[in-house]
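Keep in mind that what you see is a predicted model, and the values were worked out from it rather than measured. Naming convention: chains lettered A, B, ... in sequence-line order (proteins, then strands); numbering from 1 in each chain.
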There are 2 protein chains.
Amino acid sequence: MEGKQIPRPIYQVRAELFRTLAHPARIQILELLRDGEHSVAQLIPGVGLEPSHLSQHLGTLRRANIIQSRKKGSSVLYKVSDSRVFDLLEVAKDVIAASLSEARDILTQLEHSHMAEASPASPPTEP
Amino acid sequence: MEGKQIPRPIYQVRAELFRTLAHPARIQILELLRDGEHSVAQLIPGVGLEPSHLSQHLGTLRRANIIQSRKKGSSVLYKVSDSRVFDLLEVAKDVIAASLSEARDILTQLEHSHMAEASPASPPTEP
DNA sequence: GGAAGACTTTAGAAAGTCGTCAAGTCATCA
DNA sequence: TGATGACTTGACGACTTTCTAAAGTCTTCC
C-alpha cells in the first residue's frame, strides 16, 4: 500500500487503456453493460463464453478500473465506472466507418479504372 | 479479386483498432503526426527508437490504415489517414483523467478516515 | 452440517507481440 | 558505377495474452 508509485508517462497509460479494450469479448461486455448493471450470469449468454473465461475478462476490465463489481446475494453485479468509455467505443466505431467508406470509394475507383483493364500498374496492396 | 470476405463482427474490428493503438510508441508517433506530415528521420528523435524498430511500428499503423506514407526523394513521409483518431486519443486522455481524479478522491477519503488510526486493526494471518 | 449455485483463481499449452540485429531495397550523390 | 543515406523486412529469443480445464471461494437453501 505504499504510495511510492513511479508516474508512468501518459503515452504508456493510454496504451494500457487501449490494450485493455483490445479484445472483442471485452468490448462486447462493455456494450452489454451500456444497459446498466448485469450479473455475470446475465452476461454469459451475451458474450457466449464459459464462466471462467468471462470472469478473466471481467478481471482485466476491473483491474483497469473500467468496471466495478459488487456482490448481491450469491451473484456479482458489474457496471462501468465511468460512462466516458462508451464515448471511446463510439469514436472507435466512427473511425472504422470512415476508414471503411474510404476503402469502398477506392475500390469503386479501381473498378472504374479497370473497365478497360489491360495493365495492372501497381496494386496498392500490402503484402 | 472476388474475395468473399467474411464480414468480421464489429466487436472484433474495434478490438483490432484498439490493439493497434495499444503501444506507447505508436501513440507517440500519432501525437507527432498531429502536427502534420513527418519523415521517418524526423520521427526518430521524438520517439527515441532505432530506425528499424520505429519502422515496424509505422508498418503496424499503416496496415491498419491509420496512417499512410508517400515517398519524397529518398525519404518517406507519413501522415494520419483520418483525423478522427486524434479524437480517440483525446477521449482516452479524458477517461484516464477522470479515473485518476476519482482515485485521488478515494485516497483522500482514506487518509482522512485514517487520521486517528494507530493500530493495525487486524493483521491478516498468513494462510 | 452438507449440497448446490455463482463466480474466481490457478495451471499450462498454444499463439501472438516486442525489441534487437543483420540483411535487403530504393533513390541520390560523387 | 559504386558508395551512401533512408528506410523496410526477416529472423529469432524473451515475454505476454488467450483459452481450456480443474480446483477453490463464498452464499444460500435444505
Side-chain angles (χ1 to χ4, degrees), chain A residues 8-9 11-12 14-30 32-33 37-64 66-79 121-122 124-127, chain B residues 8-9 11-29 32-33 37-64 66-79 124-127:
Chain A
R8 285 163 305 168
Y11 298 124
Q12 185 166 337
R14 266 190 289 184
E16 282 165 19
L17 173 56
F18 286 130
R19 190 166 49 230
T20 302
L21 298 177
H23 194 289
R26 295 196 287 268
I27 292 177
Q28 218 167 345
I29 289 168
L30 292 176
L32 290 169
L33 293 182
E37 236 176 11
H38 284 65
S39 69
V40 178
Q42 289 173 320
L43 292 173
I44 288 178
V47 295
L49 296 180
E50 57 171 300
S52 94
H53 195 185
L54 172 57
S55 189
Q56 287 181 357
H57 286 302
L58 288 170
T60 300
L61 289 169
R62 206 178 48 227
R63 262 171 264 124
I66 290 171
I67 61 177
Q68 42 192 237
S69 63
R70 68 186 177 93
K71 286 206 87 162
K72 186 184 179 187
S74 72
S75 60
V76 180
L77 301 179
Y78 280 93
K79 68 174 181 188
S122 62
T125 48
E126 192 84 23
Chain B
R8 283 164 306 169
Y11 299 123
Q12 185 166 337
V13 178
R14 266 189 292 184
E16 283 165 19
L17 173 56
F18 286 131
R19 190 165 48 233
T20 302
L21 298 177
H23 195 290
R26 295 196 287 268
I27 292 177
Q28 218 167 345
I29 289 168
L32 290 169
L33 293 182
E37 236 175 11
H38 284 65
S39 69
V40 178
Q42 288 173 320
L43 292 173
I44 288 177
V47 295
L49 296 179
E50 58 169 301
S52 95
H53 195 187
L54 172 57
S55 189
Q56 289 188 23
H57 287 302
L58 289 169
T60 300
L61 290 168
R62 204 178 51 228
R63 275 186 295 276
I66 291 172
I67 61 178
Q68 43 193 234
S69 63
R70 71 186 175 92
K71 286 206 86 164
K72 186 183 179 187
S74 72
S75 60
V76 179
L77 300 179
Y78 280 93
K79 67 173 181 189
T125 46
E126 201 67 27

- Query: How is B:S75 classified with respect to the nucleic acid when contacts are heavy atoms under 4.0 Å: base, sugar-phosphate, or nothing?
  - Reply: sugar-phosphate

- Message: At less than 3.5 Å, do the side-chain atoms of A:S52 and the base atoms of D:dC19 form a donor-acceptor pair?
- Response: no

- Task: Determine, step by step, whether A:Y78 and A:L61 satisfy the side-chain contact (heavy atoms from CB on, under 4.5 Å) criterion, reporting the C-alpha distance in whole Å, the side-chain angles of both residues, the deciding distance to 0.1 Å, and the verdict.
- Result: CA-CA 10 Å; A:Y78 280 93; A:L61 289 169; over 6 Å; no

- Side-chain atoms of B:S55 come closest, of D:dT18, D:dT9, C:dC7, to D:dT9

- Message: I need the CG-C1' distance between A:L54 and D:dA21, as an integer number of Å.
- Response: 16 Å

- Task: Could you check how far NZ of B:K72 sits from P of C:dT28, rounded to whole Å?
- Result: 12 Å

- Indicate, yes or no, whether a donor-acceptor pair under 3.5 Å links the base of C:dT17 to the side chain of B:Q56. no

- Taking the side chain of A:V76 as its heavy atoms from C-beta onward, which of D:dC7, C:dG19, C:dC7 lies nearest to it? C:dC7

- Task: Check whether any side-chain heavy atom of A:I44 lies under 4.5 Å from a side-chain heavy atom of A:P51, and answer yes or no.
- Result: yes

- Query: Nearest nucleotide by nearest heavy atom, which residue falls closer to the 5' end of DNA chain D, A:G73 or A:T60?
  - Reply: A:T60

- Evaluate the ring planes of B:H23 and B:H53, with Trp represented by its six-membered ring, and classify them as parallel (under 30°), tilted (30 to 60°) or perpendicular (over 60°). perpendicular

- Query: What is the distance, rounded to the nearest whole Å, between atom CG of A:L49 and atom C1' of D:dT20?
  - Reply: 12 Å

- Task: Keeping the roles fixed (side chain from A:Q42, backbone from A:S39), state whether a donor-acceptor pair exists under 3.5 Å.
- Result: yes

- Check every atom of D:dT17, D:dC7, C:dT9 against the side chain of A:R19 and return the nucleotide holding the closest atom. D:dT17

- Could you state the CG-C1' distance from A:L43 to C:dT8, rounded to the nearest angstrom? 15 Å

- A:R63 side chain N/O closer than 4.0 Å to the phosphate oxygens (OP1, OP2) of C:dT8? no

- Position toward the 5' end of DNA chain C (nearest nucleotide), B:H23 or A:G59: A:G59

- Task: Output yes when at least one side-chain N/O atom of A:H53 is less than 4.0 Å from OP1 or OP2 of D:dA21, else no.
- Result: no

- Note on the structure: From CG of B:L58 across to C1' of C:dC18 the rounded distance in Å is 15 Å

- Query: D:dT8 phosphate, OP1 or OP2: any side-chain N/O from B:Y78 under 4.0 angstrom?
  - Reply: yes

- Task: Please determine if a side-chain N or O atom of B:H57 lies less than 4.0 Å away from the OP1 or OP2 oxygen of C:dG19.
- Result: yes

- Message: Please evaluate residues B:L54 and B:I29 with respect to the criterion side-chain contact (heavy atoms from CB on, under 4.5 Å), reporting the C-alpha separation (whole Å), side-chain torsions for both, the decisive distance (0.1 Å), and the verdict.
- Response: CA-CA 9 Å; B:L54 172 57; B:I29 289 168; 3.5 Å; yes

- Of A:I67, A:I66, A:T60, A:L21, which is the lone residue that meets side chain to side chain contact (heavy atoms under 4.5 Å, CB included) with A:R26? A:T60

- Task: Report yes if at least one side-chain N or O of A:R26 is closer than 4.0 Å to OP1 or OP2 of D:dT17; otherwise report no.
- Result: no

- Item | Test item: B:L58 and B:V76 side chains (from C-beta on) under 4.5 Å apart, heavy atoms | no

- Query: Rounded to whole angstrom units, what separation is found between the CZ atom of A:F18 and the P atom of D:dT17?
  - Reply: 17 Å

- Rounded to whole angstrom units, what separation is found between the CD1 atom of A:I67 and the C1' atom of C:dC7? 13 Å

- Message: With side-chain contact (heavy atoms from CB on, under 4.5 Å) as the criterion, how do A:L43 and A:L33 come out once you've worked through the C-alpha distance, each side chain's angles and the decisive distance to 0.1 Å?
- Response: CA-CA 9 Å; A:L43 292 173; A:L33 293 182; 4.1 Å; yes

- d(CD1, B:I29; P, D:dC7) in whole Å: 13 Å

- Compute the angle between the rotation axes at the two ends of the helix from C:dG1-D:dC30 to C:dA30-D:dT1, each taken over five pairs, rounded to 10 degrees. 10°

